[in-house]
Amino acid sequence: MDVVETLAALETWRAATTGSLGLVPTMGALHEGHLSLVERARIECERVAVSIFVNPTQFGPNEDFDRYPRDLASDLALLERQGATMVFTPTAALVYPPGFSTWVTVEGLSDRWEGASRPGHFRGVATVVLKLLNLVRPTRAYFGEKDYQQLRVIERMVRELNVPTRIVPCATVREADGLAMSSRNVNLSPEDRRAAAVLFRSLRLAQTEVAGGERDATTLRMIVEKSIAAEPRARIDYVAVADPRALEPIGRLEDGGAVCCVAAWVGGVRLIDNMLLVPSGPGPARRSPSHQP
Ligand code: AMP
């Protein structure tokens, strides 16, 4: 496994690399969620590149950039074992040289939910991901559905800017109690770690309601809010029931369903999660066409 630190070394590596190439962009402190992306890339591509870069421009001034977990030695050992071909570990000065002034903004899609709570976040994400795609020039790039809005933002950026990389969404990997794996979970105290499972439980509750025929988005949102609010250690940032592509709020679930996205503070850690709410059959208010008057 090659460890590449500079742009010149990356260019040399890329020029010497043939065949299909998968890229897994990460901020390190790797867990099973990240490794599942690497595994998928390994199955689908001849070579697998992983980037590890805690991107300063996607953190707000009062966010956890300094507290974000970092463990490069452990990450490299995990990636070697997982069969990565190359790991790119640039410094912030290489990615953002002095005077850097070009930013990518995916308008509209970036404005709500995470974008509203974290102004500038998606501008930082889109900019660094486009740079990584341009530098590595992968055939495919792998992103987790755990960061649902991020995935949609990147898909749209790649489509609208004609980036010749296929974006591959990957399912969220969870702990035994349902908590979505996240590098930030190590910052939870044992009590907060137990309490954090409330996010998954609340999303499942909404899914169960949809399976039982509920189609009203406000009702579903309130069920999730009430369930999270019942956990005294959790403080809701937002609960959204939205169109799964445009991420605009909806009134009712139609056949395409919805995505429920949540963000909440548990102790001092901000966690996000989401779940697709897909009606499996006609709800109670709908009739099949043959029964319609
Ligand atoms: P991060 O290091 O948090 O920026 O994540 C790097 C990539 O891994 C992103 O595409 C994330 O969506 C993805 N990812 C993070 N956590 C998970 C998880 N629990 N399951 C699947 N993918 C994940």
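Ligands are counted one by one from 1 in listed order, and the atoms in each one are counted from 1 as well.
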Can you pull every nitrogen or oxygen pair between ligand 1 and the protein closer than 3.5 angstrom?
unit_1   : atom_1 : unit_2 : atom_2 : d
ligand 1 : 2 (O)  : Met27  : N      : 2.9
ligand 1 : 2 (O)  : His34  : NE2    : 2.8
ligand 1 : 5 (O)  : His34  : NE2    : 3.4
ligand 1 : 10 (O) : Gly144 : N      : 2.9
ligand 1 : 12 (O) : Gly144 : N      : 3.2
ligand 1 : 12 (O) : Gly144 : O      : 3.2
ligand 1 : 12 (O) : Asp147 : OD2    : 2.6
ligand 1 : 16 (N) : Met181 : O      : 3.4
ligand 1 : 19 (N) : Val173 : O      : 2.9
ligand 1 : 19 (N) : Met181 : N      : 3.4
ligand 1 : 19 (N) : Met181 : O      : 2.9
ligand 1 : 20 (N) : Val173 : N      : 2.8

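When hydrophobic clusters are built by joining Ile, Leu, Val, Met, Phe, Trp and Tyr residues whose side-chain heavy atoms come closer than 4.5 Å, directly or via intermediates, Val262 is not grouped with Leu220.
Annotation for Arg70: atom CZ counts as buried by contact number, over 12 foreign heavy atoms lying within 6.0 Å.
Ionic pairing of Arg152 and Asp243 is not present here: no N-O contact between side-chain nitrogen and carboxylate oxygen is shorter than 4.0 angstrom. For Arg118 and Asp237, the salt-bridge test fails: no basic side-chain N is under 4.0 Å from an acidic carboxylate O.
Counting only distance, with no hydrogens or angles, the side chain of Ser20 and the backbone of Cys45 share no donor-acceptor pair below 3.5 Å.
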Inset, instruction - Before giving the answer on side-chain hydrogen bond (donor to acceptor under 3.5 Å, both in side chains), spell out for Tyr68 and Glu63 the whole-Å C-alpha distance, their side-chain angles and the decisive distance to 0.1 Å. - result: CA-CA 9 Å; Tyr68 197 85; Glu63 294 184 358; over 6 Å; no

